[in-house]
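Below is one structure, written out as structure tokens, with a few remarks after it.
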Amino acid sequence: MTVPWAPEAPPQTQPITQNDDVVRSRQQVRTFAQQCGLSLVEQTKFITAASELARNTLVYGGGGEMRAGLVERHGRRGVAAVFADSGPGIPDTDLALTDGWTSGGGLGLGLSGARRLVDEFFLDTEVDRGTTVTIVKWAR
Amino acid sequence: MTERVPVLRIGDILLVSIQVDLEDQTVLDLQEDLADQIVARSARGVVIDITAVEIVDSFVGRMLATIASISRLLDAETVVVGMRPAVAITLVELGLSLGGVRTALDLEKGLALLRRSATGAELT
């Protein structure tokens, strides 16, 4: 998926290689979510989704990075975050998006829950190559 | 070295007020600290104040449920107080309704809840 980054503000990259990078990712996403004018509830949903995906990148992807920034499409503004790792990939995406299914010790709500919390959700994964998840939320 | 969340004691109740954006390791440390403190101080109740917490994701949500279960096994009751409306909405949509966790709107109501159930337990 080509992310329609807003031309005036380039997206920022946040490495996700250790535990406190999950906190940093949340904080960076919060700044953009506030800038594009999301309501408090919408901000909370987007930041929570980003938190789930940042942890997935670290725990299941073996580390990676997040690019986040403002997006623009047909005059609408929003916020997007792209989580990319070069980890093992996801063999069965339908299964991975099922509530309660986990390959690790989690609750199995990360991917499926994150998808419910955002407006757009793209999962691009290949076994042994890595996983990229893109989330977008538009200001109302 | 990660920060630790302080555990305060009022009578036989332990009070934890989360004021920082929680790192996963801090969450795990808190779980252990609380279990230790419940036993060391013979606590009957635990209040976790999340008034200042803007984001509760599945990891933190699971921590709240786990602390409630651990303290129940150690004969103490847990109440989570001060959840923000946006956090409640997000948690339910995420798929975590925290069924086993008692909640109260603020610290005062949380303490009252613990006192009531302590009296109730003595009567039976």
Side-chain angles (χ1 to χ4, degrees), chain A residues 14 16-31 33-34 38-60 63 81 83 97-102 104-119 121 135 137, chain B residues 1-5 16-33 48-70 80-101 103 105:
Chain A
Q14 165 69 51
I16 305 174
T17 54
Q18 50 196 34
N19 254 324
D20 53 352
D21 289 334
V22 177
V23 176
R24 285 196 199 96
S25 305
R26 280 201 289 263
Q27 286 163 353
Q28 197 179 91
V29 160
R30 173 185 291 121
T31 311
Q34 286 169 346
L38 292 187
S39 72
L40 185 61
V41 172
E42 303 296 300
Q43 282 178 38
T44 305
K45 287 183 185 178
F46 191 80
I47 301 165
T48 306
S51 183
E52 299 294 338
L53 296 174
R55 185 174 299 104
N56 279 0
T57 300
L58 182 68
V59 175
Y60 301 107
F83 299 83
L97 281 164
T98 306
D99 268 355
W101 185 86
T102 175
L107 288 172
L109 290 173
L111 269 187
S112 53
R115 182 163 67 165
R116 278 194 294 272
L117 293 173
V118 298
D119 292 331
F121 179 98
I135 52 173
K137 201 157 187 81
Chain B
M1 184 67 194
T2 50
E3 282 182 82
R4 282 185 116 85
V5 181
V16 175
S17 185
I18 298 168
Q19 301 290 331
V20 292
D21 197 342
L22 287 172
E23 215 179 286
D24 290 1
Q25 189 54 48
T26 312
V27 170
L28 297 174
D29 291 344
L30 176 61
Q31 232 164 260
E32 279 189 36
D33 287 350
I48 303 175
D49 168 39
I50 58 167
T51 310
V53 177
E54 292 177 355
I55 300 298
V56 175
D57 62 10
S58 63
F59 193 84
V60 174
R62 178 165 66 158
M63 173 273 280
L64 296 174
T66 306
I67 287 177
S69 305
I70 293 172
V80 172
V81 304
M83 186 181 291
R84 297 178 177 208
V87 168
I89 292 169
T90 301
L91 270 177
V92 171
E93 202 150 321
L94 187 63
L96 260 184
S97 47
L98 297 184
V101 180
T103 57
L105 288 182

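We name chains A, B, ... by the order of the sequence lines, and we start the count at 1 in each one. All of these numbers come straight from a predicted model, not from anything done at the bench.
B:Glu54 approaches A:Arg30 most closely through the heavy-atom pair OE1-NH2, 2.8 Å. Considering all non-hydrogen atoms of both residues, B:Ala86 and A:Leu40 come closest at CB-O, 4.3 Å.
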- Task: Report the C-alpha distance between A:Lys45 and B:Ile89 in whole Å, list the side-chain angles of each, state the deciding distance to 0.1 Å, and finish with yes or no for side chain to side chain contact (heavy atoms under 4.5 Å, CB included).
- Result: CA-CA 8 Å; A:Lys45 287 183 185 178; B:Ile89 292 169; 3.8 Å; yes

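Residues passing the salt bridge (Lys or Arg N to Asp or Glu O under 4.0 Å) test with B:Asp49: none are found, sequence neighbours excluded.
For B:Val56, the part lying under 4.5 angstrom from a heavy atom of chain A is the backbone only. Interface residue A:Val23: backbone and side-chain heavy atoms are both found under 4.5 Å from chain B.
Note on B:Glu23, B:Gln25, B:Arg84: by heavy-atom pairs under 4.5 Å with chain A, the leading option is B:Glu23.
Rounded to the nearest 0.5 Å, atoms CD1 (B:Ile55) and CD (A:Gln27) are 10.5 Å apart. Distance check, rounded to the nearest 0.5 Å: CD of A:Gln43 to OG1 of B:Thr90 gives 10.5 Å.
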Donor-acceptor contacts, no H, no angles, side chain residues 48-55 of chain A, under 3.5 Å, sequence neighbours left out:
unit_1, atom_1, unit_2, atom_2, d
A:Thr48, OG1, A:Thr44, O, 2.6
A:Ser51, OG, A:Arg26, NH1, 2.9
A:Ser51, OG, B:Asp57, OD2, 2.5
A:Glu52, OE1, B:Ser58, OG, 2.7
A:Glu52, OE2, B:Ser58, N, 2.5
A:Glu52, OE2, B:Ser58, OG, 3.0
A:Arg55, NE, B:Asp24, OD2, 2.6
A:Arg55, NH1, B:Asp57, OD2, 3.1
A:Arg55, NH2, B:Asp24, OD1, 3.0
A:Arg55, NH2, B:Asp57, OD2, 2.9

